[in-house]
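Written out below as C-alpha cells is the structure these notes cover.
Proteins get letters first, then strands, A, B, ... in listed order; numbering begins at 1 in each.
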Amino acid sequence: MTTLKLHNSLTRKKEDFVPIDPEHVRIYACGPTVYSFAHIGNARMAVIFDVLANVLRAQYPKVTYVSNITDIDDKIIAASRQTSEPLKQITRKFTEIYNSDMRSLGVSRPDIQPRATDHIDQMIAMIKELIESGHAYEADKHVLFHVPSFEKYGGLSGRNRDEQIAGARVEIASYKKDPADFVLWKPSDEDDEDEPGWHSPWGYGRPGWHIECSAMAQEHLGLPFDIHGGGADLKFPHHENEIAQSCCTAHGDENDLASFAKYWVHNGFVTVEGEKMSKSLGNVTLAHDLISHHKGETLRLNLLSAHYRQPLDWTAESIEHAKNTMEGIYQNLREIEDIEISEDLPPVPEKFMKALCDDLNTPKAISELVALAKKAANDKTPESKGAFMAAAKLLNVAQEEPSRWLGYGKGNLRERELINALVEERSIARLRKNFKRSDQIRDELLEMGIVIEDTPEGTIWKKV
RNA sequence: GGCGCGGUGGCAGAGUGGCUAUGCAGCGGAUUGCAAAUCCGUGUAGACCGGUUCGACUCCGGUCCGUGCCUCCA
C-alpha cells in the first residue's frame, strides 16, 4: 500500500499519515453556514475532502467522514431579518440546496452531517466543564473562553498572544478579562422572535461560533480523531479556538495540541478572474449558477486542477480547459464503450494512487488519468478499461456514458428525425460525389449546433 | 507591524540535484473528397543576484514582485 502523505498545518510539514486506529479512520471538515447559496470556494472544500475521504476509503476498512451544517449563526439571523423569512426555513432551504448542488459536483454526502442546533446540550455540557476547570468564565450574560488559561494557544496558526493584540483590529468588549478571549455562549433576547435561543445555566442564549465544531467532533468521532480540515481562513481563529476548547476538556490534553485532531488539512482560496471573491466586487461565483451552465464533472475537474493548498483562479478559460480535458477522456472512452468490465473494479493503478497519496496531488493524478484513458483506448482490453475506471472512481469523474456526455445522438425525437434525414441526404450526396451539396448540408447542421463525423461504420453526429 | 504562501514554456499547472510532466492552444505529419474525430511528431520554461556542487528550475542566503490571514469569511 502506498503511504498517504499529508501536509499537517499543525507541524507545517508533510507527514506520513498514520491512523490512530487503522480499523477506523475518522475525519472532520468544517461545513457551510446555511444562510445563502454555496459559492465556488465552499464547493472546492467539499470536493477536496470528498476526494480525501475516497482515498482513505480505498486504503482503510472503515472511514467516518463528518462534515457539519452550521444552522445557528448571526449571519443567518441577519439574513432572516432582511428577508423576513423564518430562520428555520432559511437553514432548511439552504441545507437542501447545498446538498443538491454538491451532489451535482459529484460530492458524496458525508457519513454524518450533524447540525449545530441538534447539539446544544453537548455544547452546554462542554461550556460547563470549561467553567469548572477554570478555562472559561461568565461575564455580563456571556461565557468566554479565557485564552491565557491555555498556555499552548496559538500553536496552529503560529502566532503568540502579544502579536495578536498588536494586530489591534480586536474589538475589546468591556466584559472580557483578556482581549483575546472569545465567546462560548452569548445572550439572546427572549422577546425577539428572530433571535433564537436556548435555556442554559447562564440564561437564555445561543452558542458562539467555535464551540459547535468541538462539540460535534467529540460527539460523532471521539477524541482524538485523525484529520480535521477546512478552508485556510478557518485556521485562525476558528480552528485555533476549537483546539483550545477541546484540549481543555477531560477528553483532551492541555499540553498536547494534537489531542483534539492529529492532522490538520487546510485548502487554499479560490479567486475569480484573478480577483478575490467578495460581495463588494460582486464576483461571488455560486456553485448553483455554474451547475446550470456546465456539466458537474467539468466543474469538479476544474476544482481539482490545482493542488488543494494552492490558490485556484476560477476563470472562463479554466472551465473551458477542464471541459476540453473531460471531452478528451470521454472520446477515449467512447472507443471502448462496448467493452464489458466487471463490477468489481481492479486495484487503483499505482502511479495514479501514488500521485493522490502525495499530499493529494490532484493535478498529477489528472495527468495520470488522461494517460490511463489513452492507454485504455489503445489497448481495448477489459483490464485497461478497468484500471482507468478504478482511478476515475476515486476522483469521481468520467462516470457517465461517453456518447451521452459528448452529445452523440442527443435530442428529442423530432430533432433526431430531422438530423438523421439530413445526414442521410448528405451520405447519398457523398456517394454520388456531389460534395458541394454534402458540404452545404454539413454547414446547415453546424448552424443547428450539430457536428458531423464520418467513420468507417458510417456518419455519426453530436450536439455541441 | 506580525504570521504564512507563491513567482515554471503562449495559457493553465506538477514532479524533480543530471534523464519527456501533463492538459489547452500552436506547428508538422498520418487519415479524410474536404472536414470532424483519432493517432504520431514537435517547445533552448523555471523572477533576479550570489553561494554549495562535477552539475541547480530543484538545496542555501539575499533582493524584487504578487498574494492570503491577523476575531465576518471556505
Side-chain angles (χ1 to χ4, degrees), chain A residues 9 12 29-33 38-46 48-49 73-75 78 147 154 157-160 162-173 179-183 208-210 229-238 240-241 266-271 274 276-279 284 301-302 305-307 309-313 315 317-318 320-329 331-332 334-335 354-355 358 361-371 374 377-378 406 408 430 433-436 438-439 442-443 446 450-456 459-462 464:
Chain A
S9 304
R12 294 173 194 79
C30 292
T33 302
H39 55 64
I40 196 66
N42 298 309
R44 187 183 194 194
M45 170 264 149
I48 284 164
F49 287 97
D73 184 277
D74 287 0
K75 288 195 293 293
V147 169
S157 53
R159 53 189 100 213
N160 65 46
D162 298 339
E163 283 162 357
Q164 286 165 54
I165 292 159
R169 246 170 75 181
V170 187
E171 195 187 320
I172 303 166
D181 291 354
F182 58 91
V183 170
W209 173 36
H210 316 294
D233 58 323
L234 294 183
K235 211 188 271 187
F236 187 88
H238 185 54
E240 202 71 81
N241 292 352
H266 291 99
N267 65 272
F269 262 44
V270 179
T271 54
K276 187 187 164 160
M277 241 193 316
S278 75
K279 278 180 189 156
V284 176
L301 194 82
N302 199 203
S305 66
H307 183 90
R309 285 194 293 120
Q310 295 300 120
L312 174 71
D313 192 24
T315 65
E317 203 188 352
S318 72
E320 191 63 23
H321 282 177
K323 185 184 164 212
N324 288 339
T325 305
M326 278 318 301
E327 258 175 31
I329 289 172
Q331 287 286 5
N332 283 143
R334 197 169 63 89
E335 293 181 40
K354 221 178 133 191
D358 183 13
N361 189 340
T362 51
K364 176 89 173 155
I366 290 167
S367 84
E368 294 298 338
L369 190 73
V370 169
K374 280 193 179 149
N378 276 332
L406 291 164
Y408 286 98
R430 286 180 70 222
K433 309 246 183 253
N434 184 356
F435 296 122
K436 201 178 157 192
S438 71
D439 288 352
R442 186 170 59 202
D443 289 345
L446 191 60
I450 303 299
V451 173
I452 293 288
E453 288 172 30
D454 294 324
T455 74
T459 302
I460 57 174
W461 54 269
K462 69 178 175 190
V464 289

| query | Which is true for K374(A) with a 4.0 Å heavy-atom rule: it touches a base, it touches only sugar-phosphate, or it touches nothing? | reply | sugar-phosphate
| request: For S438(A), report the nucleic acid contact type (base, sugar-phosphate, nothing); a contact means any heavy atom under 4.0 Å. | output: base
| said: Let's see if you can work this out: which of C69(B), A14(B), A35(B) has an atom nearest to the side-chain heavy atoms of A306(A)? | reply: A14(B)
| said: Whole angstroms only, please: what is the NE2-P distance between H321(A) and A25(B)? | reply: 8 Å
| said: Any donor-acceptor pair, under 3.5 Å, between the side chain of R12(A) and the base of G4(B), if you only look at N and O atoms? | reply: no
| task | Answer with base, sugar-phosphate or nothing: what part of the nucleic acid does E453(A) contact at a heavy-atom distance below 4.0 Å? | result | base
| message | Applying a 4.0 Å non-hydrogen cut-off, can you work out what G231(A) is touching in the nucleic acid: base, sugar-phosphate, or nothing? | response | sugar-phosphate
| said: Heavy atoms only, 4.0 Å cut-off, all strands: where does E335(A) land among base, sugar-phosphate and nothing? | reply: sugar-phosphate
| said: So E317(A), base contact, sugar-phosphate only, or nothing? Heavy-atom distance under 4.0 Å. | reply: sugar-phosphate
| query | Once you round it to whole Å, what is the distance between P of C3(B) and NZ of K235(A)? | reply | 14 Å
| Rounded distance (Å) that lies between atom C1' of U22(B) and atom CG of L369(A) | 12 Å
| said: Looking at every heavy atom in both F49(A) and A29(A), which two are closest together, and how far apart are they? | reply: CG-CB, 4.0 Å
| query | Given C11(B), A14(B), G68(B), which nucleotide is nearest the side-chain atoms of N361(A)? | reply | A14(B)
| message | So, OP1 or OP2 of C39(B): does either fall under 4.0 Å of a side-chain N or O from N332(A)? | response | yes
| said: As a test of reading the structure: which of G33(B), G23(B), A36(B) is closest to the side chain of T325(A), going by heavy atoms? | reply: G23(B)
| query | Do D439(A) and G33(B) share a donor-acceptor pair, side chain to base, under 3.5 Å? | reply | yes
| So what does Q310(A) touch, heavy atoms closer than 4.0 Å: a base, only the sugar-phosphate, or nothing? | sugar-phosphate
| field | Protein-nucleotide distance (M326(A), atom CE; A12(B), atom C1'), rounded to Å | value | 17 Å
